[in-house]
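A short write-up of the structure that comes next.
Just so you know, these numbers come straight off a predicted model, no measurement behind them. One-based numbering, in listed order, for ligands and for the atoms of each.
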Amino acid sequence: MSKPLVLCSYLDRSAGRWNGVTDFFVNIFEKRFKIIWMDDFEQDVAKYAKDVVAIASFIKRPPVTEELIKKLPNLKIVANIGVGYNHLDVPMIRSFGVKVSNTPLVLDDATSDLGMALLLNAGRQLHSNITLLRSPETTQIDTNYMTNDVSGTTIGILGMGRIGYKVAQRAKAFNMKILYHNRSRRDEGEEANIGAQYYSNLNEMLPHCDYVMVTLPLTAETQKIMGSAQFKLMKSTAILVNISRGGTVDQDALVHALTHGEIQFAALDVTEPEPLPRDHKLLSLENVIITPHMGSGTLNTRIAMAQKAFDNVVAAVDGTALPSEVFK
Ligand SMILES: O=CC(=O)O
């Protein structure tokens with residue numbers, strides 16, 4: 001009997017730098033299933049559709065539309081390879097009796113490491129100084145070039161879920177004062193462990209922060225939570241770091257804030273859309289650095305994410321409890 005199919009457009013097979021990632025993803029899944037790539041599937045939907053038991057979705061690929069689900073009579077699960085699933089219409093998918101899962105926990109360290117890397121880079125202005133030193137015009141070291149302190153400064157963490165908490169642990173090691181805003185307050189013991197101070201009101205926290213790091217999931221409530229009013233409340237020297245989703249920041253307001261001295265700098269791992277169109281203003285500003293949504297992008301993390309997605313697919317196919325099911 002042929003193996004059940006997992007429909008996937010995880011990564012472009014022709015994209016050289018991703019080949020290693022694709023290999024381990026395929027290796028894990030092909031222990032039990034066969035990967036059917038979206039482009040092959042579309043060539044002959046009638047041939048493959050009834051054998052597809054799972055869609056493995058990485059960021060927004062493949063788009064999981066109602067039209068696609070209707071073509072797959074034996075679909076058991078949409079397994080998101082990632083923790084954030086704002087791109088999936090969970091109620092729609094579940095209305096077909098299809099389960100949804102994600103890959104929490106295994107990417108918390110890598111993502112919070114990247115948050116700190118962006119914070120340190122932005123604070124100490126590594127990128128611009130590296131570029132400066134490479135320039136043939138640089139013949140002398142400019143010892144007067146000042147950057148921002150990190151140790152002893154104040155960070156405001158927006159969202160204190162698992163990733164926010166890991167960011168706080170790292171910030172504590174840098175002797176930073178830690179403020180946070182979250183829908184619900186962490187219990188006293190957890191706050192004490194990281195020495196964090198809770199603000200139920202985001203706007204009251206912002207004026208105190210040298211760094212603001214966004215780690216929130218994107219939901220209707222968090223859409224553009226950092227907008228014009230928020231930037232105006234921040235210190236003019238403050239630095240924004242976003243490792244969550246581009247949609248949590250009002251990008252027009254951010255451009256305004258960066259070009260009118262409302263804040264000093266932004267370091268973004270996420271934007272809306274991704275990538276930004278080449279002529280987007282954010283790409284041309286000198287007080288912005290943007291990385292390509294690479295929070296979970298380490299080999300071990302991606303292997304762990306693929307493994308978790310695989311475990312979810314196996315559970316859905318076998319009819320057992322999913323390791324990490326998403327219900328809404
Ligand atoms: O952004 C990455 C994820 O949601 O896992």
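Close N/O approach between G82 and ligand 1 is not found [any backbone or side-chain N/O within under 3.5 Å]. Between H293 and ligand 1, an N or O atom pair is found at a separation short of 3.5 Å. Between I81 and ligand 1, a contact under 3.5 Å exists for no N or O pair.
For ligand 1, the atoms sitting less than 4.0 Å from at least one non-hydrogen atom of V83 are 3 (C), 4 (O), 5 (O), numbered in the order shown with element in parentheses. Of all atoms in ligand 1, numbered sequentially from 1 with element shown, those under 4.0 Å from a heavy atom of R245 are 1 (O), 2 (C), 3 (C), 4 (O). The G84 neighbourhood of ligand 1 comprises atoms 3 (C), 4 (O), 5 (O), with distances under 4.0 Å to a heavy atom of that residue. Atoms of ligand 1 found under 4.0 Å from any heavy atom of L107, numbered from 1 in the order shown, are 5 (O).
At a threshold of 4.5 Å between non-hydrogen side-chain atoms, the residues F96 and L75 do not count as touching.
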Worksheet item: Which is it for Y198 and Y180 under the ring pair (Phe, Tyr, Trp, His ring centres under 6.0 Å) test, yes or no, and what are the steps along the way?
Response: CA-CA 5 Å; Y198 178 63; Y180 76 100; 5.1 Å; yes
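Side-chain N or O atoms of D44 include none that pairs as donor or acceptor with a backbone N or O of D40 at under 3.5 Å. Counting only distance, with no hydrogens or angles, the side chain of Q125 and the backbone of A122 share a donor-acceptor pair below 3.5 Å. With hydrogens and angles ignored, the 3.5 Å screen pairs no side-chain donor or acceptor of T103 with any backbone N or O of K308.
With salt bridges taken as basic N to acidic carboxylate O contacts below 4.0 Å, one links R185 and E191.
Neither the backbone nor the side chain of V270 has a heavy atom within less than 4.0 Å of ligand 1.
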